[in-house]
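As structure tokens, the structure follows; a few thoughts come after it.
Atoms within each ligand, like the ligands themselves, are counted from 1 in listed order. Every value quoted in this text rests on a predicted model; they were computed, and no experiment measured them. Computed over heavy atoms, backbone and side chain alike; hydrogens, waters and symmetry mates excluded.
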Amino acid sequence: MHELSLLENVKEILQNHAKHENFTQVKKITLEIGQLSCVEPEALRFAFEVVMKGSLATDAELVFSEQQGLGLCQSCKKQTPLVHLYDPCQFCNHPFVTVTQGHEMKIKDLIVI
Ligand SMILES: [Zn+2]
């Protein structure tokens, strides 16, 4: 499951943060999920429990925030909204659009104790 490895990364980031900033527990974590990242919120919620078990984020409240997909059209050079990866440009219908936003998952906000 793709979500597990993403969360292993998140856990590592949290542990590094905890070391540098001296906190011991994560109270609430907001994860930003890109529309194009292929991350399933439900799968992520399940994986979160598994991965964070026994860590400093065991009892953390998990919140999702969705980030819209955006791409740069290689033909008309406009920013075009992308609902799916490989969508054509909405302005000129050109098929080559470089994804600029919404293809990843990251930590958006963190509340710690
Ligand atoms: Zn275009």
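Between I107 atom CD1 and I13 atom CD1 the span is 4.5 Å, to the nearest 0.5 Å. For the atom pair CD1 (I33) and CD (Q67), the distance works out to 11.0 Å, reported to the nearest 0.5 Å. Taken from CZ in F64 to CD in E42, the straight-line distance is 7.0 Å, to the nearest 0.5 Å. Taken from NZ in K27 to CG in L56, the straight-line distance is 14.5 Å, to the nearest 0.5 Å.
Each protein N/O/S atom under 2.8 Å from the Zn ion (ligand 1) was counted, for a total of 4.
Within the 3.5 Å criterion, the main-chain N or O of Q68 finds a donor-acceptor partner in the side chain of Q101. Between the side chain of T58 and the backbone N or O of M52, at least one donor-acceptor pair lies under 3.5 Å.
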